[in-house]
Number of protein chains: 2
Amino acid sequence: MQELKGQRVTNQRRLLLDLIRRVEGHLDADELYRLAKARDPHVSLSTVYRSLRLFKELGLVEERHFIEEHHHYEVKGGIEHHHVVCHGCGKVMEFECPFVERMKKDASNKTGFHILGVEVSMEGYCDRCQERIEGV
Amino acid sequence: MQELKGQRVTNQRRLLLDLIRRVEGHLDADELYRLAKARDPHVSLSTVYRSLRLFKELGLVEERHFIEEHHHYEVKGGIEHHHVVCHGCGKVMEFECPFVERMKKDASNKTGFHILGVEVSMEGYCDRCQERIEGV
DNA sequence: AATGTTATTGCAAATGATTTTCAATTGCAA
DNA sequence: TTGCAATTGAAAATCATTTGCAATAACATT
Ligand SMILES: [Mn+2]
Ligand SMILES: [Mn+2]
Ligand SMILES: [Zn+2]
Ligand SMILES: [Zn+2]
């Protein structure tokens, strides 16, 4: 965990980053808190939030805003991808989007912005919920 | 305001919807509350929230989730568009995105989802902030 | 126009997510 | 070791939004 440069490498940070890296999916603060507490019963929710913010600032994790109010987190560094969320069951699926570069250029031309990040979020119904509702 | 069908057409609803329609931009609940109170001092913040939810359910307004925690609202019905937000000054610009249809199909094929909505959000620096920071 | 039924309102209190405060603890450089 | 700043846990604070409830207003029906 040499990525923590300047900051101290503490037990709770090591544990939390480790969990985020091992657990695949999109954890929220509370899920991470519960997982961490299972291994070290005295981690606190404040520390979870503080660590998530730190990891985000250091570029180690990405914060996702799905439909729910609270945030979800996942490791950063893999292939850039985007998300679809199911309105029926909440399922989240990832996909790669071959249009982002073109979109970026296009939007940059149109707005004059220097664009750093693009996020594509879609919503709809997953295969299972489609047939359950029979044709939405 | 015949769009309110079944529900009652009240003074505060008329006023609020009117304001959202007149004021261009992306209002948040508090801004709308202040504007409304200027015209009718006894509208309440609860009613603003309740009305926003109603308008959203009726498809009269769209809720936007920019960088800040709280939501912003704008009239629905014009041309579908997307947003860039400036990290320097918070400025929001709109643009039309010619790729959404293709993206939708592509993501639908890849995930099996029946996709209803696509939202593209970008972040970066506006022209003004670019030169202020001289090359980010 | 007067009435009765209900949806809607304002206010205050409740909620949920996240942040902050502060005293005690811990990592780590010297 | 020692010293000290960074970090922690616990509780309180904050921020956005929602809810409970009694009073009020909309509007269909006399
Ligand atoms: Mn993901
Ligand atoms: Mn807009
Ligand atoms: Zn589903
Ligand atoms: Zn700017």
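- Leu15(B) places its CG atom 13 Å from the P atom of dA26(D), with the value rounded to the nearest Å.
- Across the protein-nucleic acid pair, Arg14(A) atom CZ and dA6(D) atom P stand 19 Å apart, rounded to whole Å.
- Contact check on Lys56(B) versus Glu62(B) returns no salt bridge, with no Lys/Arg side-chain nitrogen under 4.0 Å from an Asp/Glu carboxylate oxygen.
- What separates NE2 of His65(A) from P of dG16(C) is a distance of 20 Å, to the nearest Å.
- Between His71(A) and His65(A), the angle of the ring planes goes over 60°, which puts this pair in the perpendicular group of the 30/60° scheme.
- Note: His26(B) and His83(B) have perpendicular aromatic rings, judged against thresholds of 30 and 60 degrees for the angle between ring planes.
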Base versus backbone protein contacts along nucleotides 7-17 of chain D [heavy-atom cut-off under 4.0 Å; B, S, -]:
SBBBB----SB
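- A 3.5 Å limit on both hydrogen-bonding distances identifies dT1(D) as the Watson-Crick or G-U partner of dA30(C).
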Candidate pair Leu19(A) and Arg39(A), rule side chain to side chain contact (heavy atoms under 4.5 Å, CB included), full reasoning:
CA-CA 10 Å; Leu19(A) 282 171; Arg39(A) 303 212 185 181; 3.9 Å; yes
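- Relative ring orientation between His72(A) and Phe66(A) is described as tilted, the plane-to-plane angle lying within the 30° to 60° band.
- For Tyr125(B) and Gln130(B), the side-chain atoms include no donor-acceptor pair closer than 3.5 Å.
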